[in-house]
Amino acid sequence: MLYEELARCYDRLEGTSSRLEMTSILAEMFQEVPPDELRQVVYLSQGKLHPDYVTEKLGMADKLILRAIVDASRLPEEQVTELWMKEGDLGAAAESLVAQKVQTNLFSQPLTLERVVSNLRGIEAAEGRNSQNTKVKLLTSLLHDASPLEARYLCRTVTGRMRVGAASMTILDALALAFGAKEDRADIERAFNVSSDIGTVAQQLAEGGIEAVRSIEVQVGRPVRSMLAERLPSLEEVLEKLGGACALEYKYDGIRVQAHISPSDVKLYSRRLEDLTSNFPDVVEGLRRSFKGEEAILEGECVPVERESGKLLPFQEVAHRRRKFGMEEAVRDYPVRLFLFDCVKLDGEDLNMRPFPCRREMLASCVEETAGLQLSRMELVDSAAEAEEFFSAALEAGCEGIMAKSVLDNSVYRAGNRGFLWIKYKKDYRSDLGDTFDLVVVGAFAGKGKRKGVYGALLMAVYDPESDVYQTACKLGSGFDDAFLAKLPEMLEPHSAPSPSLRLSTRMEADHWFEPAVLLEVMGAEISLSPVHTAAESSLPEGSGLALRFPRFTGRVRDDKAPEQATTAEELLTMYRGQSSE
Ligand code: ATP
């Protein structure tokens, strides 16, 4: 397959914001791709070379990409830099320069997908003293033979800013459409949720049809996309929703960890599917000692604790464990305890379709509790009064609330889904300040007065999985301290974009735009209808959206969450409706 076909597809995707149109553009291309190349095409459509859980980062610093463009175009660096500044995007600059010299390039070879992937892999793998030169050479060689359109997307791929909005759910739609499996869309999504590998799903579908996709199972070593909880405003409603009786557990506030244990290895993954193994050597060791079976996938929350008393500490303490250096000191200074709450696989048996009580029993049977590793505190209740008591005990123990879990026969582990089989109930729900929301930064406004030189406010969005689009919900200007404001530009710069993201619906004009990537926890007092924001717009009268009133940053950056795990438009709408009926 030629890379040009993929570049043309990207170009068409960039011209639309309609999810339906994107789906059909992708489906058309997927049909043309030889099955053995489909896996790579799917990864590349997301600007990647691997499934989400492989942490290898394909990326080059802007100045190295600039060097490659200079080398390939043989133009002076000043001229290339000037064009880059004018276009605001290295991809567009490369495109324009390649277009200028296209006639004179007599010896170019059409770029095959295979060659592009091989060079990109080389860029990703380059390490050590000469790595910068190696990266520049590999990219220069591709740019030398690239068409203008190919140059645009090659550079965008290595900057990590594709700007082509092919989110996983849209790709799954397109795969279903391309391979005549529209009715089996749910099976395709299930396979993705249990494997976290969209490339495997695509290849199986192309080569073995829907039966092959159905046979994709949970596997030790391949993280499962996390099951998530819904929220309800009162314990009475929680119980009613769960059929009058349920299991209640403490909701610990730390880092969610999915442990993959095999006889030879223990690996830990975050809910963003990042490999956390090296950050928690003590947890790995604890699991090795406590686990009594052969192999398993267990889930739990890793919580910071006070060394002497074992008292639970605020989640911020655990952030020290996410740093890259000085791990030995971090393990010593910031002890943690793992509270296990689920078991998705045990000794060859896939448990994700088993009801929760059965999974919990299996969990209890396979680990020996120690000071550093315990089962989450759980109780079965069938009245609001009992629930209330358990909730108070949870707060007293230093937890942020409770998780209510269905114990009915259908209480399976719904990988990758937020549903009412798990319902969270937190202490914030009772405070006057209201609930917290995890919103994505999509834009920023220049600061004035005291905030001159830093951002004055941020434009924040919710995610709408239905349309696969981010929708603005508020302008956030309070809750920031000076240190955070000073750090923000550096945090957001890697995601800056010359114009609003293609996956953003906005009626506001910000001074700076960002691709959805950074999530902040925001407290809001009230949700109201708004003519300027777009959250949940498709469910509201034309021209209105929902806005979060009096938003305030809580100080928590949700770097444990991917942008698609932000608060959804639907969640905001449910809360708005609940609030208006009070
Ligand atoms: P929040 O922002 O309220 O923590 P969230 O958006 O991170 O919620 P939810 O799915 O809404 O995630 O809440 C579930 C999260 O709570 C899990 O991802 C897990 O990290 C944490 N948690 C703590 N204790 C438990 C427990 N006993 N069972 C399940 N999840 C738990």
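Read the numbers this way: they start at 1 and go in the same order the structure lists the ligands and their atoms.
Looking at atom 23 (C) of ligand 1, its nearest protein heavy atom turns out to be Tyr252 O, 3.0 Å. Counting only heavy atoms of the protein, atom 2 (O) of ligand 1 lies nearest to Arg558 NH1, 2.8 Å. Annotation: atom 10 (O) of ligand 1 to nearest protein heavy atom, Ala229 N, 2.9 Å. Closest to atom 18 (O) of ligand 1, if we only count protein heavy atoms, is Arg256 NH1, 2.7 Å. Atom 21 (C) of ligand 1 has its closest protein heavy atom at Glu301 OE1, 3.3 Å. For atom 31 (C) of ligand 1, the closest non-hydrogen atom on the protein side is Phe341 CE2, 3.6 Å. For atom 27 (N) of ligand 1, the closest non-hydrogen atom of the protein is Glu249 OE1, 2.8 Å.
Under a 4.0 Å heavy-atom criterion, Met378 is not in contact with ligand 1. Residue contact annotation: Glu400 has a non-hydrogen atom under 4.0 Å from ligand 1. Residue contact annotation: Glu521 has no non-hydrogen atom under 4.0 Å from ligand 1. The shortest separation from a heavy atom of Trp422 to ligand 1 is under 4.0 Å, placing the residue in contact. Ligand 1 has at least one atom lying under 4.0 Å from a heavy atom of Lys426. Ligand 1 is approached by Lys405 to a heavy-atom distance shorter than 4.0 Å. The closest approach between a heavy atom of Arg418 and any atom of ligand 1 is below 4.0 Å.
Across His533 and Arg507, no two heavy atoms sit closer than the pair O-NH1, 3.0 Å. For the residue pair Met227 and Leu421, the shortest heavy atom distance occurs at CE-CB, 3.7 Å.
Of the heavy atoms in Arg231, none comes closer than 4.0 Å to ligand 1. Looking at Glu299 against ligand 1, nothing comes within 4.0 Å, counting heavy atoms. Within the 4.0 Å heavy-atom criterion, the part of Met403 lying near ligand 1 is the side chain and not the backbone. For Asp253, no heavy-atom contact with ligand 1 is shorter than 4.0 Å.
Between Arg288 and Glu285, at least one side-chain N (NZ, or NE/NH1/NH2) sits under 4.0 Å from a carboxylate O, which counts as a salt bridge. Ion pair Arg256/Glu299 flagged as a salt bridge, since at least one NZ, NE, NH1 or NH2 atom sits closer than 4.0 Å to an Asp/Glu carboxylate oxygen. Under 4.0 Å is where a charged nitrogen must lie from a carboxylate oxygen, and between Asp350 and Arg354 no such pair does. Asp173 and Arg19 are joined by a salt bridge, as a carboxylate oxygen and a charged side-chain nitrogen come within less than 4.0 angstrom of each other. We find that Lys267 and Asp275 are joined by a salt bridge, their nearest charged nitrogen and carboxylate oxygen being less than 4.0 Å apart.
Ligand-side atoms of ligand 1 in range of Tyr250: 24 (N), 25 (C), 26 (C), 27 (N), range being under 4.0 angstrom from any heavy atom. Per-residue contacts place Lys561 under 4.0 angstrom from the following atoms of ligand 1 (heavy atoms of the residue considered): 5 (P), 6 (O), 7 (O).
Annotation: Arg271 places an N or O atom under 3.5 Å from an N or O atom of ligand 1; distance criterion only.
Annotation: Phe484 is in aromatic contact with Phe553 [ring centroid separation under 6.0 Å]. Taking the centre of each ring, Tyr455 and His512 come in below the 6.0 Å mark.
Between Asp464 and Glu570 the shortest side-chain heavy-atom distance does not fall below 4.5 Å. Leu573 places none of its side-chain heavy atoms less than 4.5 Å from the side chain of Thr568. Counting heavy atoms from C-beta outward, Glu301 and Leu338 have side chains that stay 4.5 Å or more apart.
Counted by atom type alone, Tyr250 and Arg377 present one or more donor-acceptor pairs between their side chains at under 3.5 Å.
Considering Lys251, Lys424, Met227 only, the shortest heavy-atom separation from atom 15 (C) of ligand 1 involves Lys251.
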